[in-house]
Amino acid sequence: MTRTLRTLSRSFLLMFALPAVIHAGFTLEGTLPGTEDGTLATVEREWLEDRSTVVVGRVPVTGGTFRLQAEAEPGYFRLRIGGDETTFVANEGQNLTVVRQNGALSVSGGADQEKFAAYERVRTESLQRLVLYVRRTIAAARTSGNTSEVERLTEAEVTGYQAHRRELNDFVLAQLAGSPALYASSLRWDGDHRLPELAAMVRAYAAANPAQEIAKRMLARLERFEATAVGAIAPDLAGPTPDGGTLALSSLRGRYVLVDFWASWCPPCRIENRHYVELYRIYRDKGFEILAVSVDQNGPAWRAGIADDRATWRHISDLTGWKTPLAALYNVSALPASFLLDPEGRIIAKDARGEQLTAVLAKHLGPGATTR
């Protein structure tokens, strides 16, 4: 009994001897003339993996100003004031300033926010040059009824977006080492471009900040890249089918399977479906299957897209949009994206489209070819 009391006493003392972790956090100070008194300034931590947010601070605006002290780990945050919002990066001990510029909220001050702002400028310019310009050209071709040009330009848009992601990786590697802005960029990392260098940068950050949640999440993203690399056994996934059942990728083992991430609202995906129709007709009885994983949120639109495209292959979706863990498991954050698996479930190609996909299937499932 005495020994038990001593043990309890030591545990009790230890509990009080170890203080709870308190973060120095950061400060936001805003000067927003014309903002109605009582309007709330709310700061939310944003988690990129499931697009979720957690409130870390909230204060009212008084006399056009506010000061908010957030006791939070470094990371990526969203500021909401009335109907306006913006995102920013903050590290512990930093003092940030909020103003309105050209009618929009702007956060400055703090080395990490400046790095994130530079990343955003590069991202905006790259997206405009490589993707949005092509998208406007597609709209003009569609208006004129030039279907073949729409298809050609849509493929150019997909290629442009891939180049855009590579440019972002290059900027991250050149500018974001050691900064929590690295996490803010992680949603758009390209796992097939300079991944060893990116992995080294992330692991260095995690080694310096092992307790930070963003470090743990970036390491987990790296692990998912490795798990979905060419040569790896693809992670299993399962989800609801259009008829209310459940289908698992593992149930298709023994066939060549194209795991295709798409959505009914994605024009390049819908155009690629036309190509899949012919491939499926040719190769379905020779050991080929397609598992289409939708990031739709609207059930009727999802089912209508399947019917309109005559997409008679396998489909799953939990209808949670980009919050779906199905896409997160494969680090998919943009569409279209696909992974071709061999009968053992090993990834043998990624994002193979059009003639490239046809060539891969012909190599493995040409005339007379069969799978066991």
Side-chain angles (χ1 to χ4, degrees), residues 21 23-26 43-54 56 70-78 87-94 107 110-120 122-123 126 162 164-230 232 234-235 237 261 322-334 337 339 347 350:
V21 176
H23 300 286
F26 58 89
V43 173
E44 302 167 336
R45 178 185 294 282
E46 187 152 336
W47 295 122
L48 297 173
E49 294 73 23
D50 60 0
R51 318 294 174 98
S52 64
T53 58
V54 178
V56 298
E71 294 182 358
E73 286 186 359
Y76 178 55
F77 301 90
R78 185 171 296 272
T87 56
F88 65 96
V89 168
N91 209 336
E92 295 196 68
Q94 292 182 340
V107 180
D112 298 293
Q113 169 57 16
E114 297 309 313
K115 289 183 177 182
F116 175 62
Y119 170 84
E120 284 294 280
V122 168
R123 184 181 70 83
S126 174
Q162 292 169 341
H164 167 65
R165 295 273 289 261
R166 291 192 294 270
E167 287 191 354
L168 295 184
N169 267 32
D170 291 340
F171 180 88
V172 167
L173 289 168
Q175 301 293 334
L176 300 189
S179 171
L182 189 58
Y183 176 76
S185 74
S186 64
L187 183 66
R188 297 180 179 88
W189 287 348
D190 184 334
D192 297 310
H193 180 65
R194 302 178 68 183
L195 183 60
E197 296 167 78
L198 183 61
M201 180 178 286
V202 170
R203 289 182 176 122
Y205 184 93
N209 306 279
Q212 286 184 14
E213 180 64 21
I214 60 171
K216 297 172 185 176
R217 289 180 179 239
M218 287 191 289
L219 287 174
R221 188 177 289 273
L222 284 182
E223 291 174 0
R224 291 194 296 274
F225 277 133
E226 292 165 355
T228 55
V230 171
L237 45 73
F261 290 87
W322 281 116
K323 293 181 181 292
T324 176
L326 300 175
L329 184 62
Y330 279 66
N331 273 349
V332 171
S333 59
F339 301 78
I347 299 171
K350 294 171 65 173

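The first residue of the sequence shown is numbered 1, and numbering continues consecutively from there. This structure is a prediction, so every number in the text was calculated from the model and none was measured.
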Discussion item. Has D112 got a side-chain atom pairing as donor or acceptor with N91's backbone, closer than 3.5 angstrom?
Written reply: no

Fill in: For E49, side-chain contact (heavy atoms from CB on, under 4.5 Å) partners two or more places apart
W47, Y183, R217, R221, R224

Discussion item. Please find the pair of heavy atoms, one from A234 and one from I347, that lie closest to each other, and give the distance.
Written reply: CB-CG1, 3.9 Å

Worksheet entry | Value rounded to 0.5 Å, distance of CG in L329 from OG1 in T228 | 8.5 Å

Worksheet, complete the sentence: Distance col, row E46:CD vs T87:OG1, nearest 0.5 angstrom, shows 7.0 Å

Worksheet item: When rounded to the nearest 0.5 angstrom, what distance separates CD in E167 from NE2 in H193?
Response: 9.0 Å

Worksheet, complete the sentence: The reported gap from CG in L198 to OG in S185 (rounded to nearest 0.5 angstrom) is 7.5 Å

Discussion item. Quick one: does any side-chain atom of R78 pair with a main-chain N or O of V43 as donor and acceptor, under 3.5 Å?
Written reply: no

Worksheet item: Do S333 side-chain atoms and L187 backbone N/O form a donor-acceptor pair below 3.5 Å?
Response: yes

Worksheet item: Can you name the salt bridge (charged side-chain N to carboxylate O under 4.0 Å, His left out) partners of R45, sequence neighbours left out?
Response: none

Worksheet item: Among all residues two or more places apart in sequence or in another chain, which pass the salt bridge (charged side-chain N to carboxylate O under 4.0 Å, His left out) test with D192?
Response: K350

Worksheet item: By salt bridge (charged side-chain N to carboxylate O under 4.0 Å, His left out), which residues pair with R123, not counting sequence neighbours?
Response: E120

Worksheet item: Looking only at atom types and distance, does a side-chain atom of E197 sit under 3.5 Å from a main-chain N or O of L173, one as donor and one as acceptor?
Response: no

Worksheet item: Should the ring pair F261 and Y330 be called parallel, tilted or perpendicular, given that the plane angle runs from 0 to 90° and is split at 30 and 60?
Response: tilted

Worksheet entry | Y205 side, atom OH; I214 side, atom CD1 - distance, nearest 0.5 Å | 3.5 Å

Worksheet entry | Distance-minimising heavy-atom pair for M201 and A177 | CE-CB, 3.7 Å

Item to complete: Provide the closest heavy-atom pair for A211 versus E73 in the form atom of the first, atom of the second, distance.
Response: O-OE2, 3.7 Å

Worksheet item: How far does CG of L48 sit from CH2 of W322, to the nearest 0.5 angstrom?
Response: 13.0 Å

Response to the item:
salt bridge (charged side-chain N to carboxylate O under 4.0 Å, His left out) filter on R51, not counting sequence neighbours, yields none

Fill in: With F116 via ring pair (Phe, Tyr, Trp, His ring centres under 6.0 Å) - residues at least two apart
Y76

